[in-house]
Amino acid sequence: MLKIRSATAEDASALWEAEVEVAKTPGRLVSRPNELLLDAFVQKIRELGPRGCYIVAVDGDEVVGHAFLEPMTLAAVQHVYRLTIVVHPGQTGRGVGTALLSHLQRWAAGAPAVGKIELLVRYTNTDAIRLYQRLGFTEEGRFKDRVRLPDGESVDDIAMAWFPPKGTG
Ligand SMILES: CC(C)(COP(=O)(O)OP(=O)(O)OC[C@H]1O[C@@H](n2cnc3c(N)ncnc32)[C@H](O)[C@@H]1OP(=O)(O)O)[C@@H](O)C(=O)NCCC(=O)NCCS
């Protein structure tokens, strides 16, 4: 059965390995596989404990996906949290992404500091766009030719956002 819990530093290597695998498919994550560093995963999990929300989905002992919300740093935009979500290889299409994102939305609705959730997604990543739309995210803009794929082709990034209803979390 699927469960959601907070990420710990011990999860870092599983999350890193999964992202490296997912990043091998061009147009999914912006990072290329060699740009993903294990130490950065450990650091992000530690950092977001007090100032964001970093969660994993587990099925028994196996971590099957992870997601986090990270606040922007400047005071004027600190209420804006950026979303990252990665369902691990072989685990898509069974509700893991929905469970992770719904959990983060409930957390955001109950967190006074969160005023807006933003993300960027390649316009070719239709699975992700469908998930975001189904959970209430709307398109805010389009960055033309923003992401360069390894073959030299450029794809547009879509900016999407969701505003947490307050007092419901
Ligand atoms: C995009 C991504 C997060 C979607 O996650 P997912 O776990 O496949 O999403 P879900 O399984 O919750 O939903 C996908 C489909 O499965 C269906 N589904 C199947 N079983 C389900 C269940 N038990 N509960 C809910 N939905 C279920 C959903 O209805 C949905 O159908 P739809 O696409 O026709 O709307 C995932 O594909 C992923 O991590 N991709 C690689 C990384 C990536 O692209 N991240 C986003 C970068 S911006």
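For this chain, numbers begin at 1 and follow the sequence in order. Start at 1 and go down the list; that is how both ligands and their atoms are numbered.
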Contact (N/O only, under 3.5 Å) between [X] and ligand 1:
X	value
Y132	no
A128	no
N125	yes
V22	no
V87	yes
D127	no
G93	yes

Might you confirm whether atom [atom1] of [X] has over 12 heavy atoms from other residues, nucleotides or ligands at distances under 6.0 Å?
X	atom1	result
R46	CZ	no
D151	CG	yes
R148	CZ	no
Q43	CD	no

Item to complete: Kindly determine whether R142 and D157 satisfy salt bridge (Lys or Arg N to Asp or Glu O under 4.0 Å), including the steps that lead there.
Response: CA-CA 6 Å; R142 188 170 182 128; D157 244 355; over 6 Å; no
Discussion item. Applying a heavy-atom cut-off of 4.0 Å, say which part of L120 lies close to ligand 1: side chain, backbone, both or neither.
Written reply: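 It is the backbone that touches ligand 1; the side chain stays farther off.
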Taking 4.0 angstrom as the limit and counting only heavy atoms of [X], give me the atoms of ligand 1 inside it, by number and element.
X	answer
T92	8 (O), 36 (C), 37 (O)
V86	39 (O)
V121	48 (S)
T98	10 (P), 12 (O), 13 (O), 25 (C), 26 (N)

At what distance is the nearest protein heavy atom to [atom], and which residue and atom is it?
atom	answer
atom 7 (O) of ligand 1	G97 N, 2.7 Å
atom 4 (C) of ligand 1	L131 CD2, 4.0 Å
atom 23 (N) of ligand 1	R94 O, 3.5 Å
atom 45 (N) of ligand 1	I85 O, 2.9 Å

Tell me whether [X] contacts the main-chain N or O of [Y] through its side chain, where contact means a donor paired with an acceptor under 3.5 Å.
X	Y	answer
E140	M160	no
E62	D59	no
R122	R28	yes

Discussion item. If I take atom CG from residue L100 and atom CG from residue L135, how far apart are they, to the nearest 0.5 angstrom?
Written reply: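 Reported to 0.5 Å precision, the distance equals 11.0 Å.
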Item to complete: Output the distance between atom CG (L15) and atom NE2 (H88), rounded to the nearest 0.5 Å.
Response: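 That separation rounds to 5.0 Å.
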Worksheet entry | Closest to atom 15 (C) of ligand 1 among R134, R130, R28, H88 (heavy-atom distance) |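 Heavy atom nearest to atom 15 (C) of ligand 1 belongs to R134.
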Worksheet item: Between P89, A67, G95, G65, which one has a non-hydrogen atom sitting closest to atom 24 (N) of ligand 1?
Response: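 Closest candidate by heavy-atom distance is G95.
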Discussion item. If you define the side chain from C-beta out and look only at heavy atoms, does anything of I4 sit under 4.5 Å from R106?
Written reply: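 Counting from C-beta outward, I4 and R106 never come under 4.5 Å.
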